[in-house]
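Working notes, beginning with the structure itself.
Counting convention: from 1, in listed order, for ligands and their atoms alike. Here the structure is a predicted model, which is why all the values come from computation and not from measurement.
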Amino acid sequence: MSLYGEYDPQNIFAQIIRGDAPCYKLYEDDDVLAFLDLFPQSRGHTLVIPKKAQARNLLEIDADSLSKMILTVQKLTRVLVDELQPDGVQVAQFNGAPAGQTVFHIHMHIIPRYAGEGLGIHAASKAEAAELEALQARIVARLNG
Ligand code: AMP
């Protein structure tokens, strides 16, 4: 998929927004959804997506959805840092397949980084359900605490 093209309403994140596919949800409001990455590159790897924008990438998203997404990224980053105590946090966003994008509904990655631990391979190995459930419970409790 290049930078240009049609938005596919059957993409996996659109299915998650509609409730047609499951996710390990961390936070949701009218505009934004945050959930754990199923193929995490580190412990606590989180994705934040806009719900209303049918945008594949940064070039297409409207300013309102973009603002709400980045504000939620900051909110979740604070919660992840409080709960997981990483030594650093990477925030990333890819546009187009050559840049590493694999799901064509715009999203931002929050990737906690731990000293001495390398970065896992992108979108490669699925985490154990029990591990994701435990992380989800911790992060949601911290968010609501
Ligand atoms: P990108 O490569 O930037 O498009 O990122 C897409 C991300 O979505 C990757 O990190 C994948 O591991 C992740 N991913 C793919 N399918 C799912 C899913 N069903 N639930 C959660 N994360 C997913």
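Ser65 places no side-chain N or O within donor-acceptor distance of the main-chain N or O of Ile61, the cut-off being under 3.5 Å. A donor-acceptor contact shorter than 3.5 Å is absent between the side chain of Tyr24 and the backbone of Ala134. Side-chain N or O atoms of Gln136 include one that pairs as donor or acceptor with a backbone N or O of Lys25 at under 3.5 Å.
The closest approach between any non-hydrogen atom of Gln93 and ligand 1 is not below 4.0 Å. Residue contact check for ligand 1: Gln41 places no non-hydrogen atom closer than 4.0 Å to it. Taking a 4.0 Å cut-off on heavy atoms, Phe13 registers as neighbouring ligand 1.
For a threshold of 3.5 Å applied to N or O pairs, the pair formed by Ile12 and ligand 1 contains no separation below that value. Geometrically, ligand 1 and His45 share no nitrogen or oxygen pair separated by less than 3.5 Å. The shortest N/O to N/O separation between Gln101 and ligand 1 does not fall below 3.5 Å. At least one N/O-N/O distance between Leu38 and ligand 1 falls below 3.5 Å. Polar contact check, Gly100 against ligand 1: a nitrogen or oxygen pair lies under 3.5 Å apart.
Between Asp87 and Arg113 no salt bridge is recorded (no basic side-chain N to carboxylate O distance below 4.0 Å). The pair Arg56-Glu6 does not count as a salt bridge, with every side-chain nitrogen at least 4.0 angstrom from each carboxylate oxygen.
Among protein heavy atoms, atom 1 (P) of ligand 1 sits closest to His107 NE2, 3.1 Å. Of the protein's non-hydrogen atoms, His122 NE2, 2.4 Å is the one closest to atom 2 (O) of ligand 1. Nearest non-hydrogen protein atom to atom 10 (O) of ligand 1 is Asp37 OD2, 2.5 Å. Protein heavy atom at the shortest distance from atom 4 (O) of ligand 1 is Thr102 N, 2.7 Å.
In this structure, NE2 on His107 lies 13.0 Å from CG on Leu33, to the nearest 0.5 angstrom. One finds the CG atom of Asn57 at 11.5 Å from the NE2 atom of His105 (value rounded to the nearest 0.5 Å).
Ring centers of His109 and Phe94: under 6.0 Å apart, within the cut-off.
Of the residues listed (Leu36, Thr72, Ile110), the one engaging Leu26 in a side-chain contact (heavy atoms from CB on, under 4.5 Å) is Leu36, and it is the only one.
Using a 4.0 Å cut-off to heavy atoms of Ala123, the atoms of ligand 1 that qualify are 9 (C), 11 (C), 12 (O). For ligand 1, the atoms sitting less than 4.0 Å from at least one non-hydrogen atom of Leu36 are 21 (C), numbered in the order shown with element in parentheses.
Looking at Phe35 against ligand 1, only its side chain comes within 4.0 Å, counting heavy atoms.
In this structure, a donor-acceptor pair under 3.5 Å is absent between the side chains of Ser67 and Asp64.
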